[in-house]
Amino acid sequence: MAELDRSGSKPPSSTPDSDSLLRRLAGPSVNKAGLAKDQTEINRIIAEVSKGSKFYENEKRKDRELTLRIERILRLRDEAVQGVDLNKVEQGVDKLIAQLEAKRDLSQAIVHVDMDAFFASVEVLDNPELASKPFAVGQGVVSTASYEARKFGVRSGMATFVAKRLCPELIVLPSHFDRYSEMSSRVMSIFRRYDPTMCVAGCDEGYLNITRYCDEHSISPEDCVTQMRRIVQEETSLTVSAGIAPNKMLAKICSDKNKPNGQFKLEFEPEAIKAFMHDLSIRKVPGVGRVNERLLESIGIKTCGDIFRQRAVLSLLDKQFGLEFLLQAYLGIASNVVQPGQREERKSIGAERTFNALSDPAKIYAKLEEVATELEHDMVEEGWTGKTVTLKYKLNTFEVHTRAKSFDRWISTRKEDLFAIGQELLKPELPLTLRLIGLRVTKLKDLKAEAESKARGIKRFFGSASSTGSPQKKRRIEGPQADQDDEDHDHSPRLSQDGFAISMPGYDEDIETDLADASASHGAEPETSLYRHPTAKPKSSSGTPSHSLLSTPSSSKGPSLPPSTSPPRMGKHSPLVLNDSNPFGTSSSALECPICSRMLETDNDGLNAHIDFCLSKQAIKEAQAASLQTAVPSKAAANAEERGAGLLKYKKKG
DNA sequence: GCGGATCAC
DNA sequence: TATGGTGATCCGC
Ligand SMILES: Nc1ccn([C@H]2C[C@H](O)[C@@H](COP(=O)(O)OP(=O)(O)OP(=O)(O)O)O2)c(=O)n1
Ligand SMILES: [Mg+2]
């Protein structure tokens with residue numbers, strides 16, 4: 001019954017290398033697949049090798065702050081519990097549980113597919129001798145490691161010199177993003193045969209709803225996935241693991257169950273699902289990272305089953321942890337809506353670079369110019385402009401800071417202008433010693449969409465033949481079920497989870513004050529907002545549970561829960577799959593170009609290339625020019641910049 | 001709107 | 001000797 005767990009109450013004394021710090025140093029991917037011999041020994045080595053470095057000191061600082069945060073939460077808990085009938089509180093929570101349970105939908109077969117050691121597997125394709133050898137991809141930092149290397153404790157995100165200490169024979173390879181991107185596209189197009197509306201969630205993973213496919217082909221979900229995985233291996237020589245469950249969160253967790261080249265299907269039964277979640281580490285829940293794992297551990301929660309045991313406390317600390325989000329995890333309930341990501345869902349574009357610490361302003365500005373050049377290239381190439389520029393810099397102590405500036409109009413994407421804005425933001429901070437500098441533009445405007453709509457009044461179309469709800473309804477997506485909070489509005493609009501949650505905030509920005517653009521703003525897409533509902537898709541990027549599980553000192557107010565996800569898309573470098581990112585439909589064999597209407601016999605890459613051609617730089621330039629006519633290069637730019645009120649003239653790079 | 005934090009891949 | 005890059009969300013101001 002209502003019983004507090006004060007055991008974990010005492011924050012671990014942060015003595016030299018507390019258990020917490022050791023785990024922190026081990027990195028965010030420690031608990032991933034690839035069983036290591038002795039994690040404790042590995043952690044010891046990592047700490048030993050890291051000790052004394054700036055990086056290590058910074059991790060120690062963050063660990064101390066986290067410890068203080070835990071102390072605050074425990075005090076908060078103890079105060080909240082005073083004079084409260086915990087049994088009563090539990091009864092209230094139990095009502096909520098009943099409501100959530102009523103929303104459980106087991107009618108859809110959702111699959112999460114995830115390539116095995118992706119970058120590493122692609123490297124093996126190009127050099128078969130690597131198979132069975134311990135190797136890692138990534139220079140300064142490991143992007144991923146072969147399963148052989150994982151046995152030694154090598155993990156994503158780990159410094160390569162640390163990895164070599166753990167595995168002296170480790171082979172370290174440079175990255176080949178173009179190859180990963182190419183293989184990603186191929187694999188995704190195979191998955192799309194099973195669900196044309198699949199949601200790409202990163203360069204190597206995605207979600208599919210195979211309910212329809214299984215019906216039409218009279219095949220079981222398991223056989224379907226077994227066949228799909230076999231075909232991927234036959235056609236690409238890459239192995240993929242998969243999870244089959246009633247919703248995205250469960251499917252993702254399941255895809256990790258039999259990780260290297262395996263699959264796992266969860267029983268579609270409430271009791272079986274709850275049993276599955278009961279002993280599952282809370283850390284396995286998408287959206288719960290290292291920090292929230294520790295915060296929850298401090299109040300006696302390590303597994304999803306503990307969520308129920310501590311439900312009274314969680315109810316009292318709702319603001320800090322997000323009760324509903326955790327209860328859904330406990331129940332194994334989440335969204336089962338699978339929809340492709342949309343290009344317009346992108347919310348930012350940026351570039352950043354790490355270098356040997358610099359203090360000389362001239363040299364720092366030189367680095368800033370480099371990132372500005374890169375950013376200009378990407379923005380022009382992909383057709384974006386925006387209204388806010390954020391400068392990011394990391395001190396040689398690894399402390400990260402950001403400085404932003406917003407404009408009334410769409411900014412110029414010329415590198416000189418981006419640089420000038422960044423310089424303006426950095427100058428007042430200056431005497432600094434930096435190891436990284438970056439620029440990011442947000443509040444984006446999609447110039448390709450503009451070019452497209454100008455080219456003709458095209459509408460959005462991507463849907464699969466039958467798609468369910470037409471995007472015409474005003475709100476609510478109505479997929480198979482869930483994703484939007486049906487009825488019961490109220491609750492806090494919070495929870496949104498990584499796209500797994502069921503309810504969501506209904507914000508829809510779309511502000512688009514349209515200063516500069518009047519035309520296409522979006523007059524032709526009433527449904528835009530609908531598609532971008534925060535809910536659904538998980539993505540490669542995603543937010544954090546922020547409020548959800550975390551909290552900050554005193555006050556707090558909002559909702560909780562992990563955020564919703566965002567569009568698929570891999571990094572610039574990282575491969576990527578402009579597939580789902582482009583506003584033009586799905587891919588398959590015979591595709592119709594949304595611009596010229598010609599039927600093309602090609603795959604996604606081919607279609608994308610063709611579309612780019614159709615939209616042509618000309619069309620984009622026109623759009624960009626139109627925007628720039630009113631864009632503001634920024635005063636700084638005017639100064640540092642050459643002649644004329646830099647208006648158009650954008651184009652320049654090739 | 002800004003800055004810091006957290007998370008994912 | 002040495003610890004990446006891209007993108008998203010959320011909270012408190
Ligand atoms: N911190 C990280 C994590 C991942 N990746 C890249 C390299 C991975 O190959 C790819 C996919 O990430 P996964 O988390 O799916 O890891 P892997 O596919 O490598 O291994 P697994 O078999 O565990 O899925 O993303 C990266 O660059 N940096
Ligand atoms: Mg993978």
Side-chain angles (χ1 to χ4, degrees), chain A residues 25 27-29 32 46 49-50 53-56 58-59 62 65-66 69 114-115 118-119 138-144 156-165 175 177 201-205 252 286-293 295 319-320 322 345-354 356 371 374 378 387-388 390-392 394 398-406 435-436 438 440 442-443 494 496-499 505 534 538-576:
Chain A
L25 285 170
S29 303
K32 285 244 175 179
I46 293 174
V49 177
S50 305
S53 69
K54 295 264 187 3
F55 178 82
Y56 173 83
N58 186 246
E59 290 300 295
K62 290 196 288 188
E65 289 176 3
L66 181 53
R69 192 167 151 192
D114 187 323
M115 305 304 294
F118 190 53
F119 289 8
Q139 338 199 21
V141 167
V142 175
S143 280
T144 195
S156 292
M158 178 178 283
T160 52
F161 77 90
V162 171
K164 281 215 163 194
R165 210 60 81 101
S175 305
F177 298 111
C203 66
D204 87 322
E205 61 186 88
K252 182 168 177 61
V288 175
R290 287 184 297 170
V291 171
N292 287 304
E293 174 187 34
L295 293 180
K319 299 286 207 271
Q320 281 68 41
E345 287 177 5
R346 180 181 258 224
K347 294 180 173 57
S348 76
I349 181 168
E352 60 189 57
R353 202 58 57 200
T354 289
N356 290 320
V371 299
E374 258 187 56
D378 294 344
K387 286 184 178 173
T388 298
T390 300
L391 167 78
K392 172 182 176 179
K394 188 187 289 181
F398 284 87
E399 264 182 275
V400 176
H401 296 280
T402 58
R403 290 293 179 272
K405 181 172 173 63
S406 294
R435 72 174 345 263
L436 170 151
R440 181 162 295 275
T442 53
K443 290 185 188 58
R494 354 166 108 147
S496 111
Q497 221 302 8
D498 237 357
K539 21 282 53 359
S540 60
S541 49
S542 67
T544 171
S546 316
H547 164 79
S548 18
L549 309 184
L550 38 136
S551 71
T552 57
S554 32
S555 65
S556 71
K557 66 168 164 224
S560 34
L561 262 236
S564 50
T565 62
S566 43
R569 146 179 319 303
M570 307 189 63
K572 175 188 342 177
H573 281 307
S574 330
L576 181 83

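Lettering follows sequence order; numbering is per chain, from 1. Only this structure's heavy atoms are used, side chains among them; waters, hydrogens and symmetry mates stay out. Being a predicted model, the structure only gives us computed values, none of them experimental.
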Donor + acceptor pair across side chains of A:Thr388, A:Lys443 (<3.5 Å): yes

Short side-chain N/O contact from A:Asn292 to OP1 or OP2 of B:dT6, under 4.0 Å: no

Rounded distance (Å) that lies between atom C1' of B:dG3 and atom NE2 of A:His401: 10 Å

Salt-bridge contact A:Glu59-A:Lys62 (side-chain N to carboxylate O under 4.0 Å): yes

Nearest-angstrom distance from the residue atom NZ of A:Lys394 to P of C:dA2: 15 Å

Value in whole Å for how far the P atom of C:dG5 lies from CD1 of A:Ile349: 16 Å

Qualifying residues under side chain to side chain donor-acceptor pair (under 3.5 Å), relative to A:Arg403, sequence neighbours excluded: A:Glu429

Value rounded to 0.5 Å, distance of NZ in A:Lys347 from CD in A:Glu345: 6.0 Å

Whole-Å P distance, B:dA8 and C:dT3: 24 Å

Phosphate OP1/OP2 of B:dC7: any A:Arg290 side-chain N/O under 4.0 Å: no

Interatomic distance where CG belongs to A:Leu25 and P belongs to C:dT3 [whole Å]: 14 Å

Contact under 4.0 Å: A:Lys405 side-chain N or O vs B:dC2 OP1/OP2: no

Listed nucleotide nearest any side-chain atom of A:Phe55, set C:dT3, B:dG3, B:dT6: C:dT3

Presence of A:Ser348 side-chain N/O under 4.0 Å of C:dA8 phosphate oxygens OP1/OP2: yes

Of the listed nucleotides C:dT3, B:dG3, C:dG5, the one nearest the side chain of A:Thr354: C:dG5

No-H, no-angle donor-acceptor pair, A:Ser50 side chain to C:dT3 base, under 3.5 Å: yes

Touch class at under 4.0 angstrom, heavy-atom based, for A:Lys443 against every strand present: sugar-phosphate

A:Asp204 side-chain proximity, nearest of C:dG4, B:dG3, B:dC9: B:dC9

d(NZ, A:Lys392; C1', C:dG5) in whole Å: 8 Å

A:Arg69 side chain near B:dA5 phosphate (N/O to OP1/OP2, under 4.0 Å): no

Length of the line joining A:Glu65:CD and B:dG4:P, which is rounded to integer Å: 12 Å

Nucleotide nearest A:Phe161 (side chain, heavy atoms from C-beta), chosen from B:dC2, C:dG4, C:dT3: C:dT3

Below 4.0 Å: OP1/OP2 of B:dC9 and any side-chain N or O of A:Ser156: no

Distance below 4.0 Å between A:Lys252 side-chain N/O and B:dC9 OP1 or OP2: yes

Spacing between A:Phe398 atom CZ and C:dT3 atom C1', to the nearest angstrom: 5 Å

Distance test, side-chain N/O of A:Thr160 to OP1/OP2 of C:dA2, below 4.0 Å: no

Lys/Arg-Asp/Glu bridge criterion (N-O < 4.0 Å) met for A:Glu205, A:Lys252: yes

C:dG4 phosphate, OP1 or OP2, under 4.0 Å from A:Arg353 side-chain N/O: no

Residues which pass side chain to side chain donor-acceptor pair (under 3.5 Å) with A:Arg440, listed by chain and number, not counting sequence neighbours: A:Ser348

B:dC2 phosphate, OP1 or OP2, under 4.0 Å from A:Ser406 side-chain N/O: yes

Length of the line joining A:Met158:CE and C:dT3:P, which is rounded to integer Å: 15 Å

